[in-house]
> 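Sharing a structure with you now.
Worth saying up front: this structure is predicted, and the values here are computed from it rather than measured. Excluded from the calculations below are hydrogen atoms, water molecules and symmetry mates; all remaining heavy atoms, backbone and side chain alike, are included.
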Protein chains: 2
Amino acid sequence: MKIDPNSAADFSAQIAKAIRDAIISGDLIVDDRLPSEQELAEQFDVSRPTIREALKRLAAQSLIRTQRGAFGGAFVRRLSYEEARKQHVTTSTLLLSMNEISFDTACQARFAMERSCVRLVAQNRIQAHLDAMAHELAVQQLPDLSDEAFCGSDVAFHRALVDGSGNPVLSYQMAGAIEAMQPLMNMITFTDRSRAEIVDMHTALFAAATDRDATRLEQELIRLEDYTLTLGRSVFEKRQSLRAARSVSNERTKSSPIISQNGGLS
Amino acid sequence: MKIDPNSAADFSAQIAKAIRDAIISGDLIVDDRLPSEQELAEQFDVSRPTIREALKRLAAQSLIRTQRGAFGGAFVRRLSYEEARKQHVTTSTLLLSMNEISFDTACQARFAMERSCVRLVAQNRIQAHLDAMAHELAVQQLPDLSDEAFCGSDVAFHRALVDGSGNPVLSYQMAGAIEAMQPLMNMITFTDRSRAEIVDMHTALFAAATDRDATRLEQELIRLEDYTLTLGRSVFEKRQSLRAARSVSNERTKSSPIISQNGGLS
DNA sequence: AGACATTTAAATGTCTGACAAATGAAAAGT
DNA sequence: ACTTTTCATTTGTCAGACATTTAAATGTCT
């Protein structure tokens, strides 16, 4: 077996790549059993811990599952929509939080993508999707709802909307836009936004979906985008003037106060 | 440190999750150094190999990088657009290949998403994007171009198009649709498609982008979607009749012949 | 004093060998 | 025929060791 001792990468990374390529290329298909760790160690001519590190890498990507005991081992795992969605949301969330991305850019991308669903939603939405949307609408009007719960319901509403496209691949792709970005936007705007106005727009979206009216769905999404953009900008302006006011006395308040940065993990 | 010996999950999985959560929550920020493996082993009260397996899981998700030597260690890594895009494409490719997804569904999702870029492309494309598209157009007309190279150029053309949106977040999200699905579609349709017709449609897309004409961009993408859908259906019909003809003599040819399925890795 | 070479400590990368725990198959017993 | 026991296989975990890399600290020479 070909692993390059002179390569920059670790053995475990090289081995993981070799197995991953075998899965992607189809040499290993769903539910195929990989050789045992001992056998792999012999095939690749490395020790068992090294093989184990490689397998853990693959497990982290949900490419394999392992089973203990006789006739156990590592098996190629079928990547489910739910797994894929989770990974996509995690990756998107991290990308957004680790890179300085303007509110406008994120907002633009999110709504451009959601709008791409309107035709299919108008065509394919069934009663179950409308019911899910109606349920979230009801939740959003509860008087004592916490901000977190409102945000969660907001995400669920939009998820139900895009699920109405009846296209699971599209829904999966949308997760990165909606489930990763919406919470970030909410975190920025929740202080200033008006729940009533949002519920109003959600109600309009619901009505348009009920009527299978793609054009109105698109219009309402544009309205929601405009509202969100305006809100975001006003929040940033407010922060800007606040910062300017106290910049003389207090210098570094630049990064989000959410980050506690204790260094340790305890 | 809290790791649950009774949990169903491995220690390494639990530890990886604990650290991942610390990164996502912001307790650990970009370029923070994690404690050394030895220290982590003591904090979590497990052995060093177990810690290493946890760290490899995080490395597989590009969440950390490691550096050898004194003052080395594991550092929180900034997830770049390129990394995120690669992961997204890999996940999407696997999702598509491991689940039985109809050609129509994939096609629908892919073009719905690409169409969501047209407004921004018309608004924000700069000369560099047009140049990249023109270059790929030239490549696609080379007489001796291999099928693989044509497919590659096809993907590059569409990538240049969506990059024209000037929104890196949108480009990243599109990667899952275009870079993961286009190759699959090509694999199905490359036998029957007409390069001339595709080049023709690409040329029209290029012209519309040059003219900043969003409506025409959308129209041309719909035309390309229709062409691809028709092509895909005719290919499947052909296969269907072929299969019916030989179904008496030969039973199981259901899965793609691309899969060699040797079981081993050597 | 400053520039260069050497040493050293800290950290990851890897290996060996061992034991524990789970698990399904086969053997034994009823 | 059914149940129980045994057993081999395989992953999960640990301990200890050595190799390699790296940068800071130290030493040495000009």
> Among side-chain atoms of S171(B) and D163(B), is any donor-acceptor pair under 3.5 angstrom?
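Per modelled atom types, S171(B) and D163(B) side chains form a pair under 3.5 Å.
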> Whole angstroms only, please: what is the CD1-C1' distance between I51(B) and dG13(C)?
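I51(B) atom CD1 is separated from dG13(C) atom C1' by 16 Å.
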> Ignoring hydrogens and angles, tell me if any N or O in the side chain of S92(A) forms a donor-acceptor pair with the backbone of V89(A) under 3.5 Å.
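Not a single qualifying donor-acceptor pair exists.
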> Round to a whole Å and report the spacing from CG of L55(A) to P of dT10(D).
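L55(A) atom CG is separated from dT10(D) atom P by 14 Å.
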> Measuring from the side chain of A70(A) (C-beta onward, heavy atoms only), which nucleotide among dA23(D), dA15(D), dG24(C) has the closest atom?
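Nearest nucleotide to the side chain: dG24(C).
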> Between atom CZ in R65(B) and atom P in dT12(C), what is the gap in whole Å?
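Rounding to the nearest Å, CZ of R65(B) and P of dT12(C) are 13 Å apart.
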> Paired with dC2(D): which nucleotide, if any, by Watson-Crick or G-U wobble criteria at under 3.5 Å for both distances?
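Matched dC2(D) with dG29(C) under the 3.5 Å cut-off.
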> For F11(A) and dT21(D), give me the distance from atom CZ to atom P, rounded to whole Å.
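To the nearest whole Å, that distance equals 11 Å.
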> In terms of relative ring orientation, are Y172(A) and H88(B) parallel, tilted or perpendicular, with 30° and 60° separating the classes?
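Y172(A) vs H88(B) ring planes: tilted.
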> Within the pair Q67(A) and dG24(C), is there a side-chain N or O less than 4.0 Å away from OP1 or OP2?
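Answer is yes, contact under 4.0 Å.
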> Given atom CZ of F75(B) and atom C1' of dA23(D), what is their separation to the nearest angstrom?
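Nearest whole value for this atom pair: 12 Å.
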> Using a cut-off of strictly less than 4.0 Å, decide whether R48(A) has a side-chain nitrogen or oxygen near OP1 or OP2 of dA18(C).
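The answer is no; no side-chain N or O of R48(A) sits under 4.0 Å from OP1 or OP2.
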> Between R33(B) (side chain) and G72(B) (backbone), is there a donor-acceptor pair under 3.5 Å?
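Judged by distance alone, yes, a pair lies under 3.5 Å.
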> Would you say T50(A) reaches dG13(C)'s phosphate, i.e. side-chain N/O to OP1/OP2 under 4.0 Å?
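Checking T50(A) against dG13(C): no side-chain N or O falls below 4.0 Å of OP1 or OP2.
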> Holding to ring-ring contact (aromatic ring centres under 6.0 Å, His included), I want the full list of residues that pass it with H158(A), two or more places apart in sequence or in another chain.
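H158(A) satisfies ring-ring contact (aromatic ring centres under 6.0 Å, His included) with H202(A) only.
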> Respond yes when some side-chain nitrogen or oxygen of T66(A) is under 4.0 Å from OP1 or OP2 of dG12(D), and no when none is.
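T66(A) to dG12(D) OP1/OP2: side-chain N or O found under 4.0 Å.
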> Both distances under 3.5 Å, Watson-Crick or G-U wobble: report the partner of dC19(C), or none.
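The answer is dG12(D), by the H-bond criterion.
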> Between atom CD in E37(A) and atom C1' in dA22(C), what is the gap in whole Å?
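The answer, rounded to whole Å, is 14 Å.
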> Counting side-chain heavy atoms from CB outward, which of dT10(D), dC14(D), dT16(C) is closest to S36(A)?
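Of all the options, the side chain of S36(A) is nearest to dT10(D).
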> So, is R52(B) near the phosphate of dT12(C), with a side-chain N or O under 4.0 Å from OP1 or OP2?
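Negative; the distance criterion is not met.
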> When you match K56(B) and F71(A) each to their closest nucleotide on DNA chain C, which lands nearer the 5' end?
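That would be K56(B).
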> Is the shortest side-chain N/O distance from R33(A) to OP1 or OP2 of dT10(D) below 4.0 Å?
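Answer yes for this pair, as a side-chain N or O of R33(A) is under 4.0 Å from OP1 or OP2.
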> From CD of Q38(B) over to P of dT12(C), roughly how many Å is that when rounded to an integer?
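Computing the Q38(B):CD to dT12(C):P distance gives 9 Å.
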> Just compare dG13(C), dG12(D), dT23(C) and give me whichever is closest to any side-chain atom of D10(B).
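Shortest atom-to-atom distance from the side chain points to dG12(D).
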> Could you give the CG-to-P distance, from L40(A) to dT10(D), as a whole number of Å?
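Interatomic distance, CG of L40(A) to P of dT10(D): 11 Å.
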> Quick one: does N124(B)'s side chain have a donor or acceptor within less than 3.5 Å of a partner on S165(B)'s backbone?
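Such a contact is found between N124(B) side chain and S165(B) backbone.
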> Would you mind telling me which residue lines up with the more 5' stretch of DNA chain D, E39(A) or G69(B), judged by nearest nucleotide?
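Residue closer to the 5' terminus by nearest nucleotide: E39(A).
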